[in-house]
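This one's a predicted model, so the numbers in the text were calculated from it and none came from an experiment.
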Amino acid sequence: MNDLLVRDIMHLGVVTCRLDTPLCEIAGLMVGHKIHCIVVVDEAGEACGVISDWGLLKAFGKDIKTAVAEDIIDNRLLTVRPNALVSEAASMMVNEHVHRLVVMSEPPLRRPVGVLAASDVVKEMSKYCSN
């Protein structure tokens, strides 16, 4: 299990939005795709931040019909490469107090290709325990 790579257990594909995407649309995307995080991309399609369900929850009670992604984006984009060790990614999540990392394409582009969630790591741990 110590040599497991992020690409082996990540969610392939990412739901994205742009900085000008209305929060109502983002909430609909999260519900429709049954996800907890959307990656925000710029005009070039490169990741510039994330919006989690927690971040969206902070907008509850505000006028979400006029608010857009840029109003609540978390610019602290924590990323990992597909070839990174899961053990390193798990340590990063623990140290940074986050539940997921955005898996990025190889440089020079900063394009999101997947998501590694804490639940993905826990699922893999459970497989290891049952062997």
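Residues L5 and L85 have side chains in contact (heavy-atom distance under 4.5 Å, counting atoms from C-beta outward). In this structure, the side chains of C37 and V115 stay at 4.5 Å or more apart for every pair of heavy atoms. The shortest side-chain heavy-atom distance between I73 and L19 falls under the 4.5 Å cut-off. Side-chain atoms of N83 and R7, non-hydrogen and from C-beta on, do get closer than 4.5 Å to each other. R100 is not listed as a side-chain neighbour of M93, based on a closest heavy-atom distance of 4.5 Å or more. The shortest distance between side-chain heavy atoms of L78 and V102 does not fall below 4.5 Å. For the pair V41 and C17, the minimum side-chain heavy-atom distance is 4.5 Å or more.
Applying side chain to side chain contact (heavy atoms under 4.5 Å, CB included) to V40 and the options D74, I51, N75 leaves one that passes, I51.
In this structure, R111 contributes its side chain and A47 its backbone to no donor-acceptor pair below 3.5 Å. Side-chain atoms of N95 come within 3.5 Å of backbone atoms of S91 as a donor-acceptor pair (strictly under, hydrogens ignored).
Residues T16 and P112 approach most closely at CG2-CG, 4.2 Å, considering heavy atoms. Closest approach of V103 to L116, counting heavy atoms only: CG2-N, 3.9 Å. In this structure, V121 and A90 approach most closely via the heavy-atom pair CG1-CB, 4.4 Å. Looking at every heavy atom in both residues, A59 comes nearest to I64 through O-CG2, 3.6 Å. When all heavy atoms of R81 and V6 are compared, the pair lying nearest together is O-CB, 3.8 Å.
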With a 3.5 Å cut-off and sequence neighbours excluded, list the donor-acceptor pairs that the side chains of residues 20-32 form with protein atoms.
unit_1: T21; atom_1: OG1; unit_2: R18; atom_2: N; d: 3.0
unit_1: T21; atom_1: OG1; unit_2: R18; atom_2: O; d: 3.0

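Note on M125 and V98: same hydrophobic cluster, where clusters join Ile, Leu, Val, Met, Phe, Trp and Tyr whose side-chain heavy atoms are under 4.5 Å apart, directly or indirectly. Taking hydrophobic clusters as Ile, Leu, Val, Met, Phe, Trp and Tyr residues chained together by side-chain heavy-atom distances below 4.5 Å, V50 does not share a cluster with I72. Linking Ile, Leu, Val, Met, Phe, Trp and Tyr whenever their side-chain heavy atoms come within less than 4.5 Å leaves V15 and M10 in two separate clusters. L77 and I38 are not part of a single hydrophobic cluster, where members link through side-chain heavy atoms under 4.5 Å apart.
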Please evaluate residues H11 and D120 with respect to the criterion side chain to side chain contact (heavy atoms under 4.5 Å, CB included), reporting the C-alpha separation (whole Å), side-chain torsions for both, the decisive distance (0.1 Å), and the verdict.
CA-CA 8 Å; H11 286 92; D120 299 324; 2.7 Å; yes
Any chance you could lay out the side chain to side chain contact (heavy atoms under 4.5 Å, CB included) test for I9 and V86, step after step, and finish with the verdict?
CA-CA 8 Å; I9 66 170; V86 171; 3.8 Å; yes
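Note that the NZ atom of K127 and the CG atom of L4 stand 9.0 Å from one another [nearest 0.5 Å].
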